[in-house]
Amino acid sequence: MTEPLLSVKDLRTYFSTEEGIVRAVDGISFDLMPGERLGVVGESGSGKSVTAMSIMRLVEPPAGEIVTGTVTYHGRNLLAITEDEMRAVRGGQIAMIFQDPMTSLNPVYTVGDQLIETIMLHQDVNKRDARNVAAQALSDVQIPNAADRLDDYPHQFSGGMRQRVMIAMGLSCNPEVLIADEPTTALDVTTQAQIMDLMLRLAADRGTAVILITHDLGVVAGFCDNVQVMYAGGIVERGSNDDIFYRPQHPYTWGLLGSMTRLDEEQQVRLHSIRGAPPSVIDLPDGCRFRPRCDFATDRCAQELPLLRKIEGRGEVACHHAEELDLEITRAVGAAG
Amino acid sequence: MTDVENTSQFESTATGGMPADVMLRVENLVKEFPINRGIFLKRKVGAVQAVSDITFEIKRGETLGLVGESGCGKSTTARSILRLLEPTSGDVWFQSETDDEGEPTEAINIATANKDTLREMRREMQIVFQDPYASLNPRMTVAGIISEPLLVHGMGNQQERIERVKELLKVVGLSPEHANRYPHEFSGGQRQRIGIARALALNPKMIVLDEPVSALDVSIQAQVLNLLDDLQSELGLTYLFIAHDLSVVRHISDRVGVMYLGRMVELADRDALYDEPMHPYTHALLSAVPIPDPELERNRQRVILEGDIPSPANPPPGCRFHTRCPIAQAPGICSEVVPEFREMTPDHFVACHFPEVKKLF
């Protein structure tokens, strides 16, 4: 069996606020295999972005703190190495793309300056070669006249173009892992299609493993191999794309799929909405965190936090009643066959 | 005075001339924003035509969805209809009621109406905004927010207004005890319910919903969409639903209009538009929307558009989509002649020189 490329174990990241301790990520474990495209989905506040920030060690104390956990990458625990060592990993071997391409580029430097800086930091090249690498990176993400556009400032690019620049920057050092945090959320749908198409092609060509963080299950369906669903700081379900979309086991995943409007919806069906709202991560309910909104909750759910466990022939799920529940997906096309 | 009244009445009925089943008719609506230079002596150096010559109707009791990407003019259209923005030209005919026999009554032209008429009209047509955080005054209680329209229109005494607020809170799925709380105590979905309650306060006939669920998480979005569905069937409301999310629009609408760079490019019944779209931009838009179904996604053919939306300050001549259109004849008819918005099959309008039905899934 292949070794995982990146292995996260019992990660807990807490933030202290005036109202109390925010348990943003509360004990999650997962592996990323070489070349795997893993989707991390969840709604606002589920902890998906904090997971990414924690892996990259971008959680700033004193506000936030990684309380426990290990992130193993090539035999080293990224959470224990020095900041200098981490700097070599960050951007070089593990790169990240953020949601908002406007705020993640520095407006007073040209795009070329910023790309060249990254390249020179991680590769042993002189400035002229770095410029060539940068021009190639821009043309790889299909920016026309790449060499000339290196001298433009971020504001001279459109939103979609800026996100391409971010992807170019992320991939310029040929990382093994790319973490993309809501890379297309700020973009229009036709631009989103361009960017996802591009990311899929580049990642597949280079064998880059990708963690795609998103709230949009549709984007995951077209891009990822595997998905994990997060709710209130924990992973509630994990499996292959087909497991999650056609054989969901957790009532939350099932509810999420039923809540979605679909482009190919033939009749006007009533949406299956999940009642209530996600809990505050300051004041989490005892037992299963989804219990207050769950139609199937029992006394056991109130007392015991369900752990993620593998179900024969299906994915992994954190629900006490996974075996008994018959969560039927009525709308998915693939479910019929 | 009698003469004047007669004339105005004559004019509105004659020019409005709307069938009884039409509630709103937008005719050749144009909205320009001037581009000014200079601080003290402002000179107009150009104009952004956010909405260019749009014509459509909304039928009584239906939901018309308006979709398009950022900058296409959908929100400007909505605001011009309510005259929250002053239209540059064009007419917006509004016929809130039919008479006892169900015959058309006098329609008013919102685009030219005076202040008093507008005030009357606003009792009949309300709006719900996108951002539930910015559209509620943080210093007012929920009761204050919801009863403000009643106060402005001088309806009821204080006791009656409080009763109405409680009733409205129940209608939108909140509890009457929430009346004395402030907006910050509510989640995004609950705030949007408060916004909807405010819009319902005056018993309007029509509600303009400007991206009402875009800021919400999926599970909350479904709750609000279901609420809107219920309200429509219970209260017989007419909706103009503006959104960029094509799946949401398919779910809620009876008919759908697609806008691109200030123009309406296609308008049809919802199933005709989604199953048999004719405009190449609609094709691209529909093929770009991800569907939460891996099998379907694996086998899907995407029309990936080249480039970005041109600036509305300097739109391309001829068909505005020709610079990105995969089937454009440019240079040629597409870059020279503005395509007419014509009815290709009954109730299916397309503005394209080479319309063609394409199945996308």
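Letters go in sequence order (proteins before strands), and every chain restarts at 1.
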Under 4.5 Å, heavy atom to heavy atom, which residues of residues 183-194 of chain A contact chain B? A:Asp188, A:Val189, A:Thr190, A:Thr191, A:Gln192, A:Ala193, A:Gln194
Which atoms of A:Asp197 approach chain B - backbone, side chain, both or neither, heavy atom under 4.5 Å: side chain
Any side-chain heavy-atom pair from B:Ser219 and A:Arg293 closer than 4.5 angstrom? yes
Go through A:Cys224, A:Gly276, A:Pro278 and name the one with the most non-hydrogen pairs under 4.5 angstrom from chain B. A:Gly276
To the nearest 0.5 Å, how far apart are CG in B:Asp245 and CG in A:Leu263? 9.0 Å
Are B:Pro294 and A:Tyr246 side-chain neighbours, meaning at least one heavy-atom pair lies under 4.5 Å? yes
Close approach to chain B in residues 41-49 of chain A, criterion heavy atom under 4.5 Å: A:Glu43, A:Ser44
Using a strict 4.0 Å threshold on nitrogen-to-oxygen distance, state whether A:Asp264 and B:Arg250 make a salt bridge. no
Does a sphere of radius 6.0 Å around CD in B:Glu185 hold more than 12 heavy atoms from other residues, nucleotides or ligands, not counting ones at 6.0 Å or beyond? yes
Among B:Ala284, B:Ser287, B:Ser247, which residue forms the greatest number of heavy-atom pairs with chain A at distances under 4.5 Å? B:Ser247
Heavy-atom cut-off 4.5 Å, strictly under: side chain, backbone, both or neither for B:Leu286 against chain A? both
Side chain / backbone / both / neither for B:Leu305 at chain A, heavy atoms under 4.5 Å: both
Name the region of B:Gln190, side chain, backbone, both or neither, that has any atom closer than 4.5 Å to a heavy atom of chain A. neither
I want to check something: taking the side chain as every heavy atom from C-beta on, are B:Arg270 and A:Glu265 in contact at a cut-off of under 4.5 Å? yes
Chain A contacts, top residue of B:Val218, B:Ile304, B:Asn226 (heavy-atom pairs, under 4.5 Å): B:Asn226
In terms of heavy-atom contacts, does CD of B:Glu356 have more than 12 from other residues, nucleotides or ligands at under 6.0 Å? no
Taking atom OG of A:Ser259 and atom CD of B:Gln223, what is their separation to the nearest 0.5 Å? 8.0 Å
Working to the nearest 0.5 angstrom, can you tell me the gap between A:Leu271 CG and B:Asp229 CG? 7.5 Å
Side-chain heavy atoms of A:Arg262 within contact of B:Asp293, under 4.5 Å: yes
If I compare all heavy atoms of A:Phe245 with all of B:Pro292, which pair ends up nearest, and what's the gap? CD2-O, 3.4 Å
